[in-house]
Amino acid sequence: MNYLKKTLFLFALLAMMSTMRLSIGLVEAQDSSTVNPHYAALLNNSMWFYEAQRSGKLPSNNRVPWRHTSVEDEQDQNHDLSGGYYDAGDYMKFTLPLAHSLTLISWGGMEWYDGYTRANQSGYLQSTIRWGTDWLLKAHPDANTLYVQVGSGKIDNNYWGPDTGIPTPRPSYAITNTATGTDVAAMTAAALASASSFFRQMGNDTTYATTLLNAAQSVFALAETQPFQTYTKAVPEADNLYQTNKYSSQLVYGALWLYKASGNSDYRGKASHYYDQFNLGETRSVIPMDWADCSGAVSILVYHAATRWLDTMIDPSSSSASSSPCMFTKGGMLWCDGYSDSNSMVPLQDTALLALLYSRLHPPKSKQYTEFATKQIEYMLGNNYMMTPYVCGVHMNSPHNPHHAGASGGTDIGKIDTSPPEELYILYGAVVGGPNKEDLFYDERSDWKQTEVALDYNAPFQGLVAYQISTNAADPPYVTITSPRPSVYRSFVFPGWLLAAIIVVVVFILAGIGYCLWLKRHGLKQRWGGPKAYQV
Ligand SMILES: *[C@@H]1O[C@H](CO)[C@@H](O)[C@H](O)[C@H]1NC(C)=O
Ligand SMILES: *[C@@H]1O[C@H](CO)[C@@H](O)[C@H](O)[C@H]1NC(C)=O
Ligand SMILES: *[C@@H]1O[C@H](CO)[C@@H](O)[C@H](O)[C@H]1NC(C)=O
């Protein structure tokens, strides 16, 4: 019997266990009259951040005073693409990171729903997911089309200002059955299918769950259309913005979520087939999870690969079987070279989330996994050299300068750091990119690697906080921090070209001196010794 087929049974088991846990969770929730107020506030703030990212016509209960209805009538060839979420500190809309984020939010939402109910956030959780999935439904208007990007990087990234002046035109880009985009279509299927499960189980909305499931099946069929290729081959406009280099983990991920949402074993077969075809179980090195790769999440879902993936991720030195790009910084942050550099809070959170999701399925190591995750959450929430929670608006040491055009209140991209000197509006709940490998954080708006915010930075955060609430965790570390963040200054990094120039100059000077000395000696010999020779 195929090894994977057996393990995929475990996935079915996992799905059942989630449902069982839900009823247990709800009982817990009823019994529990208290909720940690700090984690409840964090969850509320994180939900509020998603509200701050909404595009299109805002509802009357919008809580973000400085946000307005924007690009309400966004059209592509008479097709409505309004709504959805702005991706980050800009006004672009992307399907891939949105779909990845929605999947994580739905997954964590199902797992720790009682955390949401205890914090009175389950209503917001539903509206947050729905705001995204409603847009994904619009982005897939027919069986052969999936819109993957709205707005042009060249136009949008030159604009820095409020949502009332978003520049036009805002072109849209789609993959089709002839210009395929396997990765983005499969990831969209995962998002729609996981949300379908969420609304069926938690939202109590079977009509919407069915709509989502139908769309998920349709977009997965588009993902399976040959030739398989990454979507930037079809949409080069997304190059260097959200570019993947593989589509294999997404195909398995989409099929697994469809299996979970539909119970249709064809999808289990597809997951198994793609898992084997692309050899996902045999990788020699682990790949951290993010919007570009979900092999980590796949390994948790298919269960058998999870221990290897997690153990290599969280204890890179111990594993001989697989190699990992990750290590721990001096301050204890999980750092993955090539992944953490432009947003260190992402590999940290994504790995912690998967560790928690897997911990209760694997009792022998459950303690190790939850301890790892808890340490990382504590690092993120203030137990770090900077004494900083990397979440805006929750503490005096919180980042004050997220790279976010709307919240900054600035209008001059040339003076991004200085005008205005401090963010005009607090971007409550937004997780920023995070500190560097030396655990240092500079809080500069122009330093997008450290201060940018994005849909996919907050997606795992939702689950982590709901977990902390549902397990009655102690206060987050920042609650007891009363000293200001230590001042840090960038050490002067010697630019390579300057070093090269100096070496060239020094070599020239030395050569010059050497030549003079040589000339002097040789010349003197000639002048003084020469005549003697002639005398011979
Ligand atoms: C949720 O967060 C927002 C932004 O910080 C705040 O205005 C609001 O009062 C919070 N609501 C609750 C119930 O804590
Ligand atoms: C709970 O959240 C809802 C929105 O989902 C809000 O209308 C209500 O006032 C909140 N109740 C409390 C006690 O915070
Ligand atoms: C679930 O459905 C029942 C019956 O249709 C309804 O009374 C209840 O309010 C719903 N709950 C939620 C959370 O939507």
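Numbering of residues begins at 1 and proceeds along the displayed sequence. Side chains included, hydrogens not; waters and symmetry mates left out as well; all remaining heavy atoms used. As the structure lists them, so they are numbered: ligands from 1, and atoms in each ligand from 1.
Counting atoms of ligand 1 from 1 in the listed order, those under 4.0 Å from a heavy atom of Trp48 are 3 (C), 4 (C). Distances below 4.0 Å separate heavy atoms of Tyr428 from the following atoms of ligand 1: 4 (C), 5 (O).
Residues satisfying the side-chain hydrogen bond (donor to acceptor under 3.5 Å, both in side chains) criterion with Tyr369, sequence neighbours excluded, are Asp311.
Annotation: ring-ring contact (aromatic ring centres under 6.0 Å, His included) contacts involving residues 405-436, sequence neighbours excluded, comprise Trp48-Tyr428, Trp66-Tyr425.
Each of Lys138, His79, Lys93 was compared with Glu74 under the side-chain hydrogen bond (donor to acceptor under 3.5 Å, both in side chains) criterion, and only Lys93 meets it.
Electrostatic pairing of Glu423 and Arg445 counts as a salt bridge here, judged by a charged N lying under 4.0 Å from a carboxylate O.
Between atom 13 (C) of ligand 1 and the options Asn45, Val64, Asn44, Leu427, the minimum heavy-atom separation is to Asn44.
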